[in-house]
Amino acid sequence: MQTIAIVDYGMGNVRSVQKALEYVAPNDECILTNDPKVIRDSDRVVFPGQGAMGSCMRALESNDLISEIKLSSESKPFLGICLGLQLLFGYSEENNGTNGLSIVPGDVVKFNNKDLKIPHMGWNNVNQVKNHPLWYKIDNNSRFYSVHSYYVNPTDTSCVVGTTEYGQLFASAIAIDKIFAVQFHPEKSQSDGLQLLRNFVEWA
């Protein structure tokens with residue numbers, strides 16, 4: 001049995017992430033936590049997020065989670081989901097400019113096509129531009145569920161492993177060392193989303 005820490009800083013429906021992980025990993029312990037020690041002692045970390053980046057950063061700071069998230073992203077398998085992807089970057093245009101965790105070089109920018117409905121909400125294809133263990137048993141261009149008004153713009157595009165088209169091409173999945181992070185919600189994406197979570201749980 002392994003322990004999977006799901007970072008809970010008081011924002012977003014993290015319970016749905018926990019339920020999905022419990023479904024794919026019934027023999028593992030999936031813990032919702034804002035305790036840095038629990039995160040430190042876990043075998044894997046899932047970093048979900050919803051809401052505005054500024055308030056999420058303040059919540060992380062108030063729970064003393066920033067240093068632990070940075071350490072965990074370097075030392076163990078680490079999955080970022082939705083805002084949990086965006087928070088890994090250094091700067092976001094949201095809230096008139098917000099500094100992120102600066103784990104991944106780059107920034108977060110808003111969709112600026114006035115012909116698009118914002119937020120980008122619903123099902124869309126993800127093109128697997130690079131092979132990765134977390135794509136195992138998931139067909140290329142499978143559809144995943146998203147809700148977001150901003151997208152990540154990595155400084156080094158070699159980390160991009162998945163892209164999506166919505167008025168423009170944007171990075172919807174990145175991978176660096178032990179980090180895998182996605183803009184979409186695997187916990188809301190039916191069988192392919194559950195397969196991605198299963199792949200994360202089994203990722204060596």
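If you're wondering where the values come from, they're calculated on a predicted model, not measured in any experiment.
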With rounding to the nearest 0.5 angstrom, report the [atom1] to [atom2] distance, [X] to [Y].
X	Y	atom1	atom2	answer
Asn125	Arg143	CG	CZ	5.5 Å
Ile176	Glu74	CD1	CD	11.5 Å
Ser92	Lys110	OG	NZ	10.5 Å
Cys56	Leu65	SG	CG	11.5 Å
Leu87	Tyr9	CG	OH	5.0 Å
Leu79	Ser73	CG	OG	12.5 Å

Intermediate values then yes/no, side chain to side chain contact (heavy atoms under 4.5 Å, CB included), Ser42 and Ile31: CA-CA 9 Å; Ser42 67; Ile31 306 172; over 6 Å; no

Would you say [X]'s side chain and [Y]'s backbone share a donor-acceptor pair under 3.5 angstrom?
X	Y	value
Asp107	Glu93	no
Thr164	Ser172	no
Asn95	Gly97	no
Asp28	Thr3	no
Arg44	Val201	yes

Joint hydrophobic cluster, [X] plus [Y], side-chain heavy atoms closer than 4.5 Å:
X	Y	value
Phe89	Ile103	yes
Ile39	Val46	no
Met121	Trp123	yes
Ile179	Leu134	no
Ile81	Trp203	yes

For [X], does the [atom1] atom sit with more than 12 other heavy atoms under 6.0 Å from it, leaving out its own atoms?
X	atom1	result
Asn141	CG	yes
Asp41	CG	yes
Lys130	NZ	yes
Lys76	NZ	yes
Lys117	NZ	no

Minimal non-hydrogen separation, [X] against [Y], with atom names:
X	Y	answer
Trp135	Val161	NE1-O, 3.3 Å
Val45	Phe200	O-CZ, 3.5 Å
Pro48	Val17	CB-CG2, 4.1 Å
Gln183	Leu85	N-CD2, 3.5 Å
Ser16	Glu187	OG-CG, 3.7 Å
Ser102	Gly90	OG-CA, 3.4 Å

With side chains defined as the heavy atoms from C-beta onward, is the minimum distance between [X] and [Y] less than 4.5 Å?
X	Y	result
Ile4	Asp43	no
Ser142	Val126	no
Glu202	Tyr136	no
Phe111	Gln168	yes

Kindly indicate, with the supporting measurements, whether the criterion side chain to side chain contact (heavy atoms under 4.5 Å, CB included) is fulfilled by Phe78 and Leu88. CA-CA 11 Å; Phe78 185 99; Leu88 299 178; 3.9 Å; yes

Do [X] and [Y] have a side chain donor and acceptor closer than 3.5 Å?
X	Y	value
Thr33	Asp35	no
Gln86	Glu94	no
Asn140	Gln128	no
Asp8	Asn34	no

How far apart are the C-alpha atoms of Leu194 and Gln190, what are their side-chain angles, what is the distance that settles it, and do they pass the side chain to side chain contact (heavy atoms under 4.5 Å, CB included) test? CA-CA 6 Å; Leu194 291 175; Gln190 300 181 355; over 6 Å; no

Does the separation of the ring centres of [X] and [Y] fall below 6.0 angstrom?
X	Y	result
Tyr166	Tyr151	no
Phe144	His185	no
Phe184	His148	no

Under the criterion salt bridge (charged side-chain N to carboxylate O under 4.0 Å, His left out), I'd like the reasoning laid out for Glu68 against Arg40: C-alpha separation, chi angles, the key distance, then a yes or no. CA-CA 7 Å; Glu68 201 55 56; Arg40 185 181 316 125; 3.0 Å; yes

Is there a side chain to side chain contact (heavy atoms under 4.5 Å, CB included) between Tyr150 and Met53? Walk through the geometry before answering. CA-CA 10 Å; Tyr150 296 77; Met53 186 140 168; over 6 Å; no

Please determine whether a side-chain nitrogen of the Lys or Arg among Glu22 and Arg15 lies less than 4.0 Å from a carboxylate oxygen of the Asp or Glu.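 Looking at Arg15 together with Glu22, the answer is yes, because their closest N to O distance falls below 4.0 Å.
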
